[in-house]
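What follows is one structure encoded as structure tokens, with my remarks underneath.
The figures that follow rest on heavy atoms only: side chains count, while hydrogens, waters and symmetry mates do not. Note that ligands are numbered from 1 as they come in the structure, with each ligand's atoms numbered from 1 the same way. Being a predicted model, the structure only gives us computed values, none of them experimental.
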Amino acid sequence: MSLIRSVTGRPGTALIPLILVAFVAILAACTPSHDQSTFDTAGPIAKQQADLFIFIFWVAVAIFILVEGALIYSVFRYRSRPDDKIPRQVHGNTRLEITWTIVPAFVLLAIAVPTVKAIYDHATPPTDRGEPLEIVAIGHQWWFEFRYPSLEIVTANELHIPTDRPIVVTLQSQDVIHSFWIPKLAGKLDMVPLNDNVFWFLAERPGMFYGQCAEFCGVAHAHMRFRVFASPEEEFGQWVTAMRTPPDAPEPDSPAALGRTTFLANCSMCHSVDSYRSGGYGDEIAAQDLRWDTLVEQREESPIVSGPNLTHLATRNALAAGVVPLTEENLLKWIQNPASIKHGTRMQANAAVYKTSNNHVDLTDEELGNVVAYLLSLEPGEGGPAEAIPPSESGEPDAARGEALFAANGCSGCHSLGDDMLVGPGLKGVAVRAATRVTGLSADEYLYQSIREPAAFAAEGYTAGVMLKFPSLTDGDIADLIEYLKTLE
Ligand code: CUA
């Protein structure tokens with residue numbers, strides 16, 4: 001027997017339980033305990049939005065009951081009976097028509113007043129709830145970049161904020177329209193390319209809150225998530241210090257050390273891991289801009305694309321823009337074949353290391369395991385925050401200061417001080433070689449160019465573009481670095 005009977009029979013009673021089940025399922029979506037529920041609000045913006053929703057909901061319920069009640073009453077009261085004659089025909093009722101025009105106008109007004117008030121309240125942060133913290137959130141296909149301009153911190157997919165302080169977010173997008181939404185805290189507001197939107201929110205209680213891109217932005221839209229970690233001011237301060245603390249260097253020849261070399265050779269063009277250093281913030285922004293420009297210019301052929309910053313990755317909670325928990329197993333699976341966790345990543349589409357017959361990563365199992373070991377070693381080390389190196393006082397090139405800059409900028413990750421090749425050439429005797437490279441350029445000039453514009457003269461056997469620029473280095477810094485390099489005989 002068919003579930004829904006033919007139009008000539010009675011409506012299928014079997015349909016009623018189905019409708020009831022669907023109704024209960026829909027009601028269950030209203031549970032405040034869900035991670036993305038808008039009912040369990042944790043801040044004034046989300047609360048105002050939820051209150052507005054509940055107010056409009058009950059207004060709609062009242063109207064629904066009135067209108068449907070009148071309808072049902074009329075249907076029964078005035079239904080056709082045997083012996084009925086044709087009723088008196090009427091056309092128009094001025095009083096009734098004026099009433100049903102004015103009443104809805106008042107209903108709309110009642111909804112518009114609190115709505116417009118909420119829009120204005122959301123635009124400017126309150127002045128009596130602490131100093132606002134500015135954050136820039138940038139949407140990328142398909143992950144979120146978070147910059148803290150006043151703290152010079154940059155991170156991805158996990159936003160840390162202090163509680164009880166307004167967070168002023170500037171929303172940007174690098175590619176298509178995304179939307180920023182933290183159901184329990186605030187949202188939604190679109191992230192539009194070339195048109196910044198600004199709004200604020202505040203977390204009144206500590207905790208982890210789920211965020212989600214709320215505007216269809218391509219194949220992995222549903223997998224474009226983020227997490228917000230709200231903690232009291234003191235704990236937030238500890239996070240800020242941790243983000244400026246370099247990780248401990250891996251033990252020589254350990255899997256993490258070997259993994260670092262593989263990572264720097266294959267992944268570091270798109271992923272920064274050293275934004276803890278002084279000047280690292282500006283360098284990362286410059287690198288992201290360069291990555292984006294290169295992608296725009298070269299499209300599918302582009303060897304570099306904007307990638308999430310991986311500084312202190314091991315301290316994060318989730319992987320692949322909040323899709324799976326960060327575990328060794330998931331990280332291995334992710335690097336091996338990103339599509340097994342999330343379709344469509346630019347990493348798999350563009351990075352040279354994925355140009356294989358099945359688009360799996362072109363690394364041996366051992367290399368892959370080493371890279372995972374390296375990434376999971378990226379957490380604040382024992383050494384305390386990275387200090388800015390004070391400017392040179394003498395004005396003369398200073399080899400000792402150059403050595404400190406060499407260490408602080410992580411140059412040794414790619415360049416050995418001997419003649420063995422890591423990611424880049426070994427630097428033993430580099431000053432002698434530099435003098436012979438380009439006719440008309442002295443060693444100093446050649447080394448200056450190689451640091452300032454690394455792509456200009458990639459040494460034979462090395463790919464241009466692997467070495468990133470370090471715009472935070474001043475000409476004085478580079479002079480000191482060159483002075484140091486000259487001592488490597
Ligand atoms: Cu980004 Cu949807």
Side-chain angles (χ1 to χ4, degrees), residues 29 34-38 45-46 49 122 135-148 154-161 167-201 208-229 270-272 284-285 288-289 291-296 299-300 302 304-310 313 316-326 330 334 338-351:
H34 189 273
D35 290 330
Q36 291 193 187
S37 169
T38 48
I45 293 286
Q49 290 173 335
H122 294 190
I135 285 169
V136 180
I138 304 169
H140 299 262
Q141 284 175 314
W142 286 274
W143 58 280
F144 289 89
E145 179 179 347
F146 299 118
R147 298 175 180 172
Y148 300 70
V154 53
T155 187
N157 299 325
E158 299 201 352
L159 177 68
H160 288 252
I161 56 166
I167 311 297
V168 178
V169 210
T170 302
L171 299 175
Q172 303 179 342
S173 168
Q174 211 181 38
D175 34 48
V176 300
I177 299 180
H178 303 273
S179 176
F180 185 86
W181 185 36
I182 316 162
K184 295 189 183 196
L185 291 176
K188 315 157 173 173
L189 195 60
D190 277 3
M191 313 173 91
V192 183
L194 305 178
N195 182 52
D196 294 3
N197 280 330
V198 181
F199 83 126
W200 71 277
F201 66 94
M208 180 178 86
F209 302 100
Y210 281 65
Q212 165 76 50
C213 176
E215 175 80 42
F216 181 73
C217 54
V219 62
H221 154 70
H223 285 165
M224 183 170 166
R225 303 176 197 162
F226 62 106
R227 304 267 200 276
V228 179
F229 295 85
C270 309
H271 296 287
S272 305
E284 170 67 349
I285 291 173
Q288 284 289 30
D289 290 348
R291 289 165 187 152
W292 176 246
D293 291 345
T294 312
L295 177 71
V296 169
R299 310 300 305 172
E300 280 80 15
S302 175
I304 62 172
V305 299
S306 325
N309 191 299
L310 301 182
L313 177 78
R316 290 193 199 153
N317 186 276
L319 184 67
V323 176
V324 291
L326 176 62
N330 283 339
W334 170 251
S340 66
I341 288 175
K342 176 157 120 183
H343 268 284
T345 67
R346 287 190 184 137
M347 170 159 82
Q348 200 161 18
N350 288 67

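Remark: the Q49 side chain and the T38 side chain contain no N/O donor-acceptor pair separated by less than 3.5 Å.
The aromatic rings of F229 and H160 lie parallel to each other, their planes meeting at an angle below 30°, with 60° marking the opposite boundary.
Between N317 atom CG and N157 atom CG the span is 11.5 Å, to the nearest 0.5 Å.
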Please list, one pair per line, the donor and acceptor atoms closer than 3.5 Å that link side chains of residues 188-196 to other protein atoms, with sequence neighbours excluded.
{"unit_1": "D196", "atom_1": "OD2", "unit_2": "Q172", "atom_2": "NE2", "d": "3.1"}

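Excluding waters, the protein N/O/S atoms found under 2.8 Å from atom 2 (Cu) of ligand 1 are C213 SG, E215 O, C217 SG, H221 ND1.
With sequence neighbours excluded, no residue forms a side-chain contact (heavy atoms from CB on, under 4.5 Å) with A222. Annotation: side chain to side chain donor-acceptor pair (under 3.5 Å) contacts of Q141 (sequence neighbours excluded): R346.
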